[in-house]
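Working notes for the structure below.
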Amino acid sequence: MDCSATAKPMIDAGDMLAETRERFCIPEGVRYFDGNSLGLMPKVVQLHASNVITHEWGTGLIHSWHDAEWRTLPQRTGAKIAALIGAEPQQVVACDSTSVNLFKVLVSAVRLRAGRQKIVTDSDAFPTDLYIVGQVARLFGLTVVGVPAREINDNLDEDVAAVVLTHVDYRSAEIYDMQAYTQRAHEAGALIVWDLSHTAGAVPCDLDGSGADFAVGCGYKYLNGGPGAPAYLYVAERHADACEQPLAGWFGHARPFDFAPDYKPASGTVRFLCGTNPVIGLSVLSRALDIFEGVCLSDLRSRSIRLTALFIDSVDKHLSSHGFAVASPRDATRRGSHVSLRHQHGYGVMQELAKRKFIGDFRMPDYMRFGFAPLYNNDEDVHALIDAIDQIMISRDWEKPEYQQRRDFT
Ligand SMILES: *Cc1c(COP(=O)(O)O)cnc(C)c1O
């Protein structure tokens, strides 16, 4: 029997995932490879935001704090995110920005390890993480040891209070072994803070299982919460009640509506809330997260790996002669959901791609980043992207004079 006649075409890992693309607004003619920077807008969000504004706010007004349960949105949204990062739900809250959350959890970690003098971090981390680590160190008179991620474990001793590491590197997409780094940090008596900004929603991880202490991450990347969506933070339950967070505001109080002059922290991760959170933004993020309901995380991961592998193979086959180098791990188990290429004319190539409605982004000095969001990118996107880059190189359209001037945002 001729197997090819009956064999199904190579379809997506799960039928579910072939269908989730339909749940997003994809602008006409656009091929989108920037879900690792700003996720596409889920269709349901439009109506939901309108309802929140018109009914919950416009009509319900102050009563919606109770009737629409605005007050527990950080916890309820956090619980949905927890399911994506291997955490029991009550340990995660959605609030503030990743930077602010890093500040809160890192100060808490340092206070739990009072007397120790150092914070160790990846010298190539996302800059905001480095700035916050620097500020916390300054406040507590500590030293920052910034080294390449791979050297972190060689720099741990009894003087290290905390390690701060991003699980999936924002430039290269390299995944750092959560279990192994966490274990090494603990052997040195230190606590570890994971940044999951490029993890949640694309790369499964196991915070509880690996024994992690703290984590933070973004709501607007693979979680599709929209521009400036609230971020989230995770605190292992065993630490929460011992934590003294530095931005202790009334929403983290045990009884905020007592309006008591003295601060008494809520028990658990809720104490990490500060002031009134943006209800509309939280509602949108929460609704966007419903897309993950019923999605199997291992299917999500398989699809992500398949797309990045297809892209890398195609670069090798069709683009290496133009001088493109793959700057992401070739070992799929060590690679997140985006692929970075390096090219001396990368900036011009990205500008010309954008002009042709292929949207990725550029990171200094010469990284061209392409995100493959497993909820909505497909094989066709990959093939079209490869063709477009090939054409741009052949036509030398990257050379246009207007691409010599760099813009602030790409
Ligand atoms: C995107 C990103 C952030 C963003 O921080 P915000 O304060 O939410 O703007 C932080 N860290 C990493 C690793 C990121 O990729």
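Predicted model only: the values in this text are computed from it and were never measured. For the numbers below, each heavy atom of this structure counts, side chains included, while hydrogens, waters and symmetry mates do not. Just follow the structure's listing: the first ligand is 1, and inside any ligand the first atom is 1.
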Open item on the list: Taking the six-membered ring for Trp, are F214 and H239 closer than 6.0 Å centroid to centroid?
Closed with: yes
Open item on the list: Determine whether the aromatic ring centres of residues Y263 and H253 are separated by less than 6.0 angstrom.
Closed with: yes
Below 3.5 Å, can you tabulate the donor-acceptor pairs from side chains in residues 67-74 to any protein atom, sequence neighbours excluded?
| unit_1 | atom_1 | unit_2 | atom_2 | d |
| --- | --- | --- | --- | --- |
| W70 | NE1 | E56 | OE1 | 2.7 |
| T72 | OG1 | E69 | O | 3.3 |
| T72 | OG1 | R76 | NE | 3.0 |

Would you mind writing out the side-chain donor-acceptor pairs for residues 197-209 within the sub-3.5 Å range, not counting sequence neighbours?
| unit_1 | atom_1 | unit_2 | atom_2 | d |
| --- | --- | --- | --- | --- |
| S197 | OG | D195 | OD1 | 2.7 |
| T199 | OG1 | H167 | ND1 | 3.0 |
| D206 | OD1 | G209 | N | 2.9 |
| D208 | OD1 | Q91 | NE2 | 3.2 |
| D208 | OD1 | Y234 | OH | 2.7 |
| D208 | OD2 | E88 | N | 2.7 |
| D208 | OD2 | Q91 | NE2 | 3.3 |

- [ ] Give, for atom OH of Y232 and atom OG1 of T77, the distance between the pair rounded to the nearest 0.5 Å.
- [x] 13.0 Å
Open item on the list: Heavy-atom contacts with ligand 1 below 4.0 Å: which residues, ordered by chain and residue number?
Closed with: S97, T98, S99, F126, T128, D129, T166, D195, S197, H198, C218, Y220, K221
Open item on the list: Under the side chain to side chain donor-acceptor pair (under 3.5 Å) definition, can you give me all pairs with a residue in residues 129-147, not counting sequence neighbours?
Closed with: none
